[in-house]
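I have placed the structure first, in the form of structure tokens, so that the comments after it can refer back to it.
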There are 2 protein chains.
Amino acid sequence: MQRKLKTADASESERLQADAEALNAVLADLVRVYQFRDRDRICCFDISVTQCYALEALAEHGPMRSQALAAQMLLDKSTTTRVIDALERKGYVERRPDDQDARAVSLRITRSGRSLYDTINRGLVAQQAEMLAELDPAVRASVTDVIRRLAKAAEARFVSGISVGSGASACSTSGCS
Amino acid sequence: MQRKLKTADASESERLQADAEALNAVLADLVRVYQFRDRDRICCFDISVTQCYALEALAEHGPMRSQALAAQMLLDKSTTTRVIDALERKGYVERRPDDQDARAVSLRITRSGRSLYDTINRGLVAQQAEMLAELDPAVRASVTDVIRRLAKAAEARFVSGISVGSGASACSTSGCS
DNA sequence: CCCATTTAGTTGCTACTTGCAATAATCGGT
DNA sequence: ACCGATTATTGCAAGTAGCAACTAAATGGG
């Protein structure tokens, strides 16, 4: 780690490598902890994390078809069907026949669903606000931006791999060294 | 969102709220995508994501007992046992009797396990380096730091809730509104 | 020194989540 | 009107996780 630097270039390259290692470790932690945090917060209500993601997608992007929701959530269409089944049973989402296409269903969040989503989201946002409050405003602004870029980059890299072929087990199709 | 600001204070508070919402949305995305990215990259090898986390913990923190590993991974001890079972079967981890306590096992990563972990990690780090390369060096430094703080804050909040009581379904014990 | 209690890890069982394959209904072009 | 493609659902199987019950070992009080 603490090697003597020969040239400015080598130093730069080494620093990048070190930064990447640090970022990777920290991100792994963050992702793991957030999975648990989400599960912990969401399980207090009567839906699972995946169901909450679906609710979020429908709340933020408006009504969509099952297929679009599956793509949004990076899930198989069959899994999506079942997620919707659960949400419909609980009255948070409704299926209605699509106007254009009789095969398709139009999924939309119900009033009750939106209310639940808002409640859950308020709690999560409040937590973030608490943490952000301690940060320098200038840093705050860039954080969101950078994280967005990380997410976008990772998504682009990931989605390009699966494209049409549903799930994620299609390892060969993804850019997996 | 775009409300007129009355005072500097109100503006500040509103901005915090907006930042928190943005951060929350972006983080949710990031976490979701990274889950898939990890699964996608790791599944190319013969271990699952959870198994890889266990390998990471043993690689980074050295030998530990099953109990400590469970705490580290926020998993139930029974789940941890099975994760180790799988890794031991594949030759990436070995159980040996603990010197101090005959009930306990000392888990340590094998040479082959470390080699696998290094391979997987190299790929992930390379991906991060690619993304970091595009960023301003000053921003780069703060990103890791901020993400670390977010992870720590979330972890502190989360862990305080479960403390001794194993899993995460103990909703009442966690600070869950 | 012995027994009750606690602790470390394992196993049985169950529930949930997810993906793949097969299926039914429908669309669209020829 | 027919045939291939597309939309969603269902059957099935595998993986993952937690709780509870259990075994073995340590610890503490009498």
Side-chain angles (χ1 to χ4, degrees), chain A residues 32 35-36 38-40 42-43 46-54 64-71 73-90 93-107 162 164-174, chain B residues 32 35-36 38-40 42-43 46-54 63-71 73-90 93-107 162 164-171 173-174:
Chain A
R32 189 138 29 103
Q35 278 179 254
F36 283 102
D38 284 353
R39 197 173 68 191
D40 192 49
I42 296 172
C43 78
D46 62 343
I47 60 173
S48 73
V49 174
T50 304
Q51 285 163 24
C52 189
Y53 283 157
M64 62 177 81
R65 314 218 281 205
S66 182
Q67 191 182 219
L69 184 61
M73 301 206 299
L74 305 176
L75 287 179
D76 188 80
K77 55 189 175 157
S78 66
T79 305
T80 305
T81 292
R82 288 177 178 116
V83 168
I84 297 301
D85 284 346
L87 289 174
E88 193 183 32
R89 222 179 308 121
K90 296 168 187 167
V93 162
E94 66 174 359
R95 284 179 165 102
R96 55 172 73 175
D98 187 281
D99 294 332
Q100 268 73 48
D101 191 333
R103 295 167 300 179
V105 289
S106 175
L107 306 171
I162 41 173
V164 221
S166 64
S169 68
C171 224
S172 55
T173 61
S174 298
Chain B
R32 190 137 30 101
Q35 278 178 253
F36 283 101
D38 284 353
R39 196 174 69 191
D40 191 49
I42 296 172
C43 78
D46 62 342
I47 61 174
S48 74
V49 174
T50 304
Q51 286 162 23
C52 188
Y53 283 156
M64 62 176 83
R65 298 192 189 176
S66 182
Q67 191 181 217
L69 184 62
M73 301 206 299
L74 305 175
L75 287 178
D76 187 81
K77 55 184 179 165
S78 65
T79 304
T80 304
T81 292
R82 288 175 178 120
V83 169
I84 297 300
D85 285 346
L87 289 173
E88 193 183 32
R89 223 178 307 122
K90 296 169 188 168
V93 163
E94 65 175 0
R95 283 179 165 101
R96 55 173 74 174
D98 186 281
D99 295 332
Q100 267 74 49
D101 191 333
R103 294 168 301 178
V105 290
S106 175
L107 305 172
I162 42 174
V164 219
S166 63
S169 68
C171 223
T173 59
S174 298

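Here is how names work: the chains are called A, B, and so on, in the same order as the sequence lines, proteins then strands, and each is numbered from 1.
Counting to the nearest Å, the C1' atom of D:dA25 and the CG atom of B:D99 are 15 Å from each other. In this structure, CG of B:L69 is placed 12 Å from P of D:dA17, rounded to the nearest angstrom. Per the geometry, CG belonging to B:D98 stands 14 Å off C1' belonging to D:dA24, to the nearest Å. If you measure from atom CD of B:Q35 to atom C1' of D:dG15, you get 15 Å, rounded to the nearest angstrom. Atom CE of B:M73 and atom P of C:dG9 are 13 Å apart (whole Å). In this structure, B:Q100 places its CD atom 15 Å from C1' of D:dA25, rounding to the nearest Å. Going from atom CG of A:D46 over to atom P of C:dA15 covers 19 Å, rounded to whole Å. One interatomic measurement links the two molecules: CG of B:L75 to P of C:dT10, which rounds to 14 Å at whole-angstrom precision.
The shortest side-chain heavy-atom distance between B:R65 and B:D101 falls under the 4.5 Å cut-off.
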Subject >> Heavy-atom protein contacts under 4.0 Å, nucleotides 4-14 of chain D, coded B base, S sugar-phosphate only, - none >> reply: -BBSBBBBB--
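Residues A:A102 and A:T50 each lie close to DNA chain C; by heavy-atom proximity, the contact nearer the 5' end of the strand is made by A:T50.
Between the B:T79 side chain and the B:L75 main chain, no donor and acceptor come within less than 3.5 Å of each other.
Considering every non-hydrogen atom in both B:A70 and B:K77, the closest pair reads CB-CA, 4.2 Å.
Considering CG of B:L87 and CZ of B:R95, their distance stands at 9.5 Å, rounded to 0.5 Å. Going from atom SG of A:C52 over to atom CD1 of A:I47 covers 4.5 Å, rounded to the nearest 0.5 Å.
Salt-bridge formation is not detected for the pair A:E88/A:K90: no Lys NZ or Arg NE/NH1/NH2 atom is positioned less than 4.0 Å from an Asp or Glu carboxylate oxygen.
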